[in-house]
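In listed order, ligands and their atoms are each counted from 1. When a residue number appears, it is its place in the shown sequence, counting from 1.
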Amino acid sequence: MKKYLSFIFFIALTQNAFAQNPAIPHLIKTEATTQLIVKGKPFIILGGELHNSSTSGADYMRPLWKKIAAKNVNTVIAAAYWELVEPAEGKFDFTLIDSMVIGARKEKLHLVILWFGSWKNGYSMYAPSWVKNNPKKYPRAKDAKGKTLQHLSALSEVTAEADAGAFKAMMQHIRSIDEKEQTVIMMQVQNEVGLFNTPRDYNDAANKAYRASLPKDLADYISSHKGKLQPELDSVLKLRGYKLNGTWEDVFGKSFFDDRHWKALSYLTEELFTVYNYAKYIGKIAAAGKEAYPIPMYVNAWIKQPGAGGAWPGKYPSGGPIPHTLDIWRAAAPAIDLIVPDIYVPDARYTIAQYHRPGNAFFIPEIRPGVRSANEAFWAFGEHDIFGYAPFGIDDVDAGEDPITQTYRTLDQVKELIVQHQGKGTMAGILVDTVQRTQQLTLGGYVIKAELGRQENFSNILGRPAPKPPVIAGGILINTAPNEFYVIGKDYLLTFIPEKITDKSLLLDIEYIEEGKFVNGKWQVIRRLNGDEGTGGGDYGFGYAPQQPAATLRFQRQPDGAYSILKYKLYSYK
Ligand code: DGJ
């Protein structure tokens, strides 16, 4: 099941020009994983993103830091706004940045800062007034009919420089107040960039660039990465004989439009052109910021998705970091370390798998809050080696009402274990729901079937009423030694069957089940589960599994709907 059995270090993260300073937050990248290192140790972001306007008022934010920390969050993802950082050209105001850093520190929280600069959700709503009101100097994009759009054009060097100047000044300021403490651990450069209702910019500069030869830096990148490009790009280039001289359309072909299949790559050539221009612009800003303070920087995407959310470029913002455009980001914006998705689709699995590409193991900066994402978090950490997670609107409800509180309480305990097993093929994620009630995986020499629990699986032998039937269950399985697993979650059932049955007379049994917790990374047993709570409770103890030799496992109900951490050891006999 695990794709990354070979643990090959193949990328020394931020290559050459952007080599990172090990004393400040940085990334260590391998083919399979990315680890964020803070103060010398891998750091797992148990995050939450604030509403867009929350950090525009220090007083408004003051009571919220505590409320958020109560959710077991360790990192707040919070916006900094170009219009407030540079209200007049060249005049900077970092009061809000300072208050954010102070507020976070008081609750021992870290910060990932979002730079709402030239674009947010595609539009240029956070540009300062002196930019908004000077379209001659800071030109807008145009559609195919020549209509001026609200979006600042990504083809303007002048606008890029203005934005980069502000971002660099802010990074200098952050370094001056925070290099020692390292409250700020990462930066998002812009937010969900791209154009709506047109696959590309049609202003004069854009038309000229579209008709010109493919930029040399992109052509060079493609030729030096032949065979290692993203499959979508590779297949288009292959079809056209990898010809790299000529215009965008000579190289990538004339685009098609297919509105029936949401995965089809409609308007691909225009999209790649648009991505290139955004990536160049954002790469410049990130590079300027890194000159001042080279902490990790990423871009986030409004993702391609079925339905009204957007199946083709222009429906979703065209020019954003969609996974099939990863190579363009790498070629044109080497200062950007990762491309990451914002997830508001009903099931996160497809999107997460799409972004988990060699060298782009990532974190999820935004996901719709609620019970579903509180379970998907386990799956994403276990299955895709993400290094962080953040439901949106973390400042909304109180800790007791937010399902992420329990998820983070559990993940906080197992984070060291997760870090140790990232990229090694010894960890798996579980996610079962009412649509996909079962999941099968192989781990540690076993074929393991996970199944969403039914109400009867949780009724108590002494008649304690069963809770409502679960609708979703997320979890993590970690294989720590031969026949030994840590099993994290609730509301699902497991059946273990040996992957290879060499001796048919061999039977499988449970050696022990411990229910426990990690305190400062050390395992502490709370109860040894046996009898009614372990093997004697009927169907889901052991020995009654549908197929022999097989062993099964269920969770005990915890107060407050908490998740369990179990240490599960199997043995065989005959
Ligand atoms: C995605 C954006 O990136 C966020 O800033 C926020 O607007 C959310 N959508 C929710 O509306």
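The residues lining ligand 1, counting any heavy atom closer than 4.0 Å, are Asn52, Lys120, Asn121, Asn191, Glu192, Asp342, Tyr344, Glu366, Phe392.
Residue pairs meeting the salt bridge (Lys or Arg N to Asp or Glu O under 4.0 Å) criterion with at least one member in residues 59-80, sequence neighbours excluded, are Asp59-Arg62, Lys66-Glu107, Lys67-Asp398, Lys71-Asp402. Evaluation of the side-chain hydrogen bond (donor to acceptor under 3.5 Å, both in side chains) test over residues 147-176, restricted to residues two or more places apart or in two chains, returns Asp98-His173, Trp115-Asp163, Ser118-Asp163, Ser153-Asp201, Ser153-Asn203, Ser156-Thr159, Glu157-Lys284, Asp163-Gln190, Lys168-Glu291, Arg175-Glu179.
Both tests hold for Arg200 against Tyr210: distance to the six-membered ring centre under 6.0 Å, angle to the ring axis within 45°.
Taking Arg409 as the reference, Asn72, Gln406, Ala562 meet the side chain to side chain contact (heavy atoms under 4.5 Å, CB included) condition, with sequence neighbours excluded.
Atom CZ of Phe256 sits in a crowded spot, with more than 12 heavy atoms from other residues, nucleotides or ligands closer than 6.0 Å.
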Worked check of salt bridge (charged side-chain N to carboxylate O under 4.0 Å, His left out) between Lys29 and Asp337: CA-CA 10 Å; Lys29 269 194 186 182; Asp337 300 302; 6.0 Å; no
